[in-house]
Amino acid sequence: MKKQDAVFIYSEDLLTYKFNHHHPFNQLRVKLTYELLLESGMLTDKQIVLPRMATDEELALVHDPAYIQAVKDAGLGNLSTTKGESYGLGTEDTPIFHNMHEASAFLVGGTLTAVDQVMTGKANHALNLGGGLHHGFRGKASGFCIYNDSAVAIRYMQEKYSARILYVDTDAHHGDGVQWTFYDDPSVCTLSIHETGRYLFPGTGDVNERGHNKGYGYSFNIPVDAYTEDDSWLHAYKTSLEAVAAFFKPDVILTQNGADSHYYDPLTHLCGTTKMYREIPKVAHEIAHKYCNGKWIGVGGGGYDIWRVVPRAWSFIWLEMLEKQSITGNLPTTWVQKWEREAPIPICTKWDDEDGIYDPIPRRQEIEEKNAHTVSRALFPIRSHQKEASSH
């Protein structure tokens, strides 16, 4: 059987992860992206792979069994408020909903499905946009995330495939749950480019968070300033990813693709546009082929403007996996007409943002200089090591 370039993990089961109608985390964005790709003629039935539900044993690769049981109890209405709060369940960020264990386990299983497709050689690349829940901890829900699919997938790849994994997180919020899970592990390298935690959840992700014990030097953070624009953000991303990949030389790359660094996102303070979201997967793709024999697994993440931003930003990942990113112009009329009836705001109609979607940023030069300095600080250890090596 011929290896596919890429597979797309999808079923309606991924949409059951739903806190309530008013919650900003809305998995309808996965369906919006799926249908946009279908209507564009860029996704076929043979490229779609159904997700499975992760087993309790797989979840326990990262999560405490008592926590898994608490999630099950919560989803059946059998968890007390006090006990729930001790696990981060029933909070404003992570409300309890019916069958929340099953819904969450499907997101994890979707990412494990993507992993197996790539690591067994069935496909070079795999995309599970239902995943990317990077704030989940061993025994606690946090920041809209119950189980941490990326952390489980990384541990799964370590145990099943003995892989060295580079995890790259471009969500506007720091990838804290994944970082802390592997903070002392030198076979996992984490790179997170995010808005500074001075004003934004979860408040971590400082340059000085570099790892612990044997894992020291394998955690990289690039906290960019509020109001960072495309060019400065992309400089930080490209410079850091190329340097970190050359230093770590991974077997596989796992990218978390939060789409909340866009100017329109209601929860963050960055000024990205579709220019950024076209470039993010291009660089990841290059790194995957340069170091990993093409092995690249992509997951979703944050992204709270589901009508104007997420479907386009996430489509670009899939199009890059197929090497079909040249698509421009108008979005399919059928897609626009269907969803503009549902959208509470005017929906996007073109693949790319037009110039001038926001007013000029007064502090642009100061922000760019600050971000460049942050990148230099973050990469100083590996740059100095390379300098030493070349001098011998």
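Atom set for the values below is all heavy atoms of this structure, side chains included, hydrogens, waters and symmetry mates excluded.
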Please report, to 0.1 Å, the donor-acceptor pairs under 3.5 Å made by any side chain of residues 244-259, with sequence neighbours excluded.
| from | atom 1 | to | atom 2 | distance (Å) |
| --- | --- | --- | --- | --- |
| Lys249 | NZ | Ala246 | O | 2.6 |
| Asp251 | OD2 | Arg164 | N | 2.7 |
| Thr255 | OG1 | Asn257 | ND2 | 3.1 |
| Thr255 | OG1 | Trp296 | NE1 | 3.0 |
| Gln256 | OE1 | Gly258 | N | 3.0 |
| Gln256 | NE2 | Gly132 | O | 3.0 |
| Gln256 | NE2 | His134 | ND1 | 3.4 |
| Gln256 | NE2 | Asp171 | OD2 | 3.2 |
| Asn257 | ND2 | Thr255 | O | 3.1 |
| Asn257 | ND2 | Val299 | O | 2.9 |

What class does the angle between the rings of His262 and Tyr277 fall in, given that below 30° is parallel, 30 to 60° is tilted and above 60° is perpendicular?
parallel
Is the shortest side-chain N to carboxylate O distance from Lys122 to Asp116 below 4.0 Å?
no
Quick one: pull up CE in Met276 and CD in Glu229 and give me the separation to the nearest 0.5 Å.
9.5 Å
For Asp56 and Lys72: C-alpha separation, side-chain torsions, deciding distance, then whether salt bridge (charged side-chain N to carboxylate O under 4.0 Å, His left out) applies.
CA-CA 11 Å; Asp56 289 4; Lys72 289 181 177 180; 2.4 Å; yes
Residues Asp13 and Ser11: side-chain donor-acceptor under 3.5 angstrom:
yes
So, taking the atom named CG in Leu36 and the one named OG1 in Thr334, what distance separates them when rounded to the nearest 0.5 Å?
9.0 Å
Looking at Ala103, is its backbone amide N or carbonyl O close enough to the side chain of Thr16 to form a donor-acceptor pair, meaning the two atoms are under 3.5 Å apart?
no
If you measure from the Lys or Arg side-chain nitrogens to the Asp or Glu carboxylate oxygens, is any gap between Arg198 and Asp225 under 4.0 Å?
yes
Roughly how far, to the nearest 0.5 Å, is CH2 of Trp318 from OG of Ser40?
13.0 Å
Determine the interplanar angle of the Tyr183 and Trp180 rings, folded into 0 to 90°, and report it as parallel if under 30°, tilted if 30 to 60°, perpendicular if over 60°.
perpendicular
Among His135, His194, His174, the one residue meeting ring pair (Phe, Tyr, Trp, His ring centres under 6.0 Å) with Phe201
His135
What pairs with Leu200 under side chain to side chain contact (heavy atoms under 4.5 Å, CB included), at least two apart in sequence or on another chain?
His173, Glu195, Thr268, His269
Would Met53 and Tyr10 show up in the same hydrophobic cluster when neighbours are defined by side-chain heavy atoms closer than 4.5 Å?
no
For Tyr17 together with Phe25, are the ring centres under 6.0 Å from each other?
yes
Over 60° means perpendicular and under 30° means parallel, so tell me whether Tyr147 and Tyr67 are parallel, tilted or perpendicular.
perpendicular
Please find the pair of heavy atoms, one from Leu38 and one from Leu43, that lie closest to each other, and give the distance.
CD2-O, 3.4 Å
Between Asn148 and Thr181, is there a side-chain donor-acceptor contact under 3.5 Å, judged purely by atom types and distance?
no
Which residues share a side-chain hydrogen bond (donor to acceptor under 3.5 Å, both in side chains) with Glu35, sequence neighbours left out
Lys338, Trp339
Count the heavy atoms of every other residue, nucleotide or ligand shown that sit under 6.0 Å from CD of Glu323, and state whether that count exceeds 12.
no
